[in-house]
Amino acid sequence: MQDETTALEACDLGWSIGMLARDYSTVVDPVFVDVPRGARGYQLLHTVIHKQIRSQIGLADYLGIDRTVMPYVIDDLVSAGYVERAADPTDRRIRTVVATAAGLDKYAELSDEVLRAEQRFFATLDDADRATFVRVLSQLAHRPA
């Protein structure tokens, strides 16, 4: 019989990632019940607020959203009053997506709720393990493809 450490080391990475994604979605997705396009809408709002990505194509590429789908995601957030398309002052051909005041308020509210949900998700880890996990995961996610 394997001890717990050996069993954990023998765990399949793909399975672990899949289980984490499923469990994370179960805990966090209810936060987005009233957000157009759910978690994807929140991700777009987060990106518009925190990243300097000027074009819809750039947003699509960054978020991994099909370029033909991105306008619909943006349209839904525009309809909700969370973002708007604004003329780029440096290039008239580009319509930059920017958060509205309502979008900034909604994002702040959602961010607090996501934090509480993530605290539940990470409840079995101490703060140091959680910070290490998030840091390493971010390094992996940001590495060149």
Side-chain angles (χ1 to χ4, degrees), residues 5 7-145:
T5 302
L8 288 173
E9 291 171 355
C11 185
D12 178 80
L13 178 62
W15 178 85
S16 297
I17 291 170
M19 296 302 289
L20 279 174
R22 183 200 68 185
D23 293 348
Y24 182 85
S25 291
T26 299
V27 173
V28 177
D29 282 356
V31 170
F32 310 121
V33 69
D34 294 327
V35 178
R37 304 282 175 147
R40 183 59 72 182
Y42 173 77
Q43 290 170 341
L44 178 63
L45 188 57
H46 172 88
T47 302
V48 166
I49 292 169
H50 293 287
K51 305 292 180 184
Q52 298 297 318
I53 300 175
R54 294 178 35 211
S55 69
Q56 291 182 90
I57 291 173
L59 287 167
D61 290 345
Y62 180 80
L63 292 170
I65 298 175
D66 185 282
R67 291 176 178 194
T68 62
V69 174
M70 180 55 82
Y72 299 109
V73 177
I74 295 169
D75 287 346
D76 289 347
L77 290 175
V78 168
S79 293
Y82 298 149
V83 300
E84 61 187 13
R85 289 179 176 94
D88 188 305
T90 62
D91 188 341
R92 293 180 304 158
R93 299 168 295 170
I94 296 175
R95 303 285 291 168
T96 303
V97 181
V98 296
T100 62
L104 292 169
D105 290 345
K106 185 65 171 179
Y107 177 78
E109 171 192 324
L110 291 170
S111 292
D112 289 343
E113 291 180 42
V114 167
L115 178 60
R116 286 192 294 278
E118 287 179 348
Q119 287 169 338
R120 289 191 306 275
F121 177 76
F122 285 113
T124 59
L125 296 179
D126 63 35
D127 289 343
D129 284 345
R130 176 186 183 272
T132 298
F133 175 80
V134 172
R135 180 181 50 77
V136 170
L137 186 63
S138 180
Q139 286 174 343
L140 288 169
H142 286 93
R143 71 179 178 202

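Below, all heavy atoms of this structure are taken into account, side chains as well, without hydrogens, waters or symmetry copies.
- Side-chain contact check for Phe122 versus Asp129: every heavy-atom pair is 4.5 Å or farther apart.
- Closest non-hydrogen pair, Ala86 versus Val98, comes out as CB-CG2, 4.2 Å.
- In terms of heavy-atom proximity, Leu63 sits nearest to Arg40 at O-NH1, 2.8 Å.
- Heavy atoms only, all atoms of each residue included: Leu77 and Gly41 are closest at CD1-O, 3.6 Å.
- At least one side-chain heavy atom of Tyr42 sits under 4.5 Å from a side-chain heavy atom of Val114.
- For Arg67, the salt bridge (charged side-chain N to carboxylate O under 4.0 Å, His left out) partners are Asp61, not counting sequence neighbours.
- Within the 4.5 Å cutoff, the side chain of Arg54 has heavy atoms near those of the Thr90 side chain.
- With sequence neighbours left out, Gln56 forms a side chain to side chain contact (heavy atoms under 4.5 Å, CB included) with Met70, Pro71, Ile74, Arg85, Val97.
- Residues Val31 and Leu110 meet the side-chain proximity criterion, which asks for heavy atoms closer than 4.5 Å.
- Annotation: salt bridge (charged side-chain N to carboxylate O under 4.0 Å, His left out) contacts of Glu109 (sequence neighbours excluded): Lys106.
- Shown here for Pro36 and Ala80, the closest heavy-atom pair between the two residues is CG-CB, 3.6 Å.
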_Derivation and outcome, side-chain contact (heavy atoms from CB on, under 4.5 Å), residues Ile49 and Leu104_ = CA-CA 8 Å; Ile49 292 169; Leu104 292 169; 3.7 Å; yes

*Step by step, would you call Gln119 with Arg116 a side-chain hydrogen bond (donor to acceptor under 3.5 Å, both in side chains)?*
CA-CA 5 Å; Gln119 287 169 338; Arg116 286 192 294 278; over 6 Å; no

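- Ring geometry for His46 against Tyr107 counts as tilted: the plane angle lies between 30° and 60°, on a 0 to 90° scale.
- The OH atom of Tyr82 sits 11.5 Å away from atom CG of Asp76, with the distance rounded to the nearest 0.5 Å.
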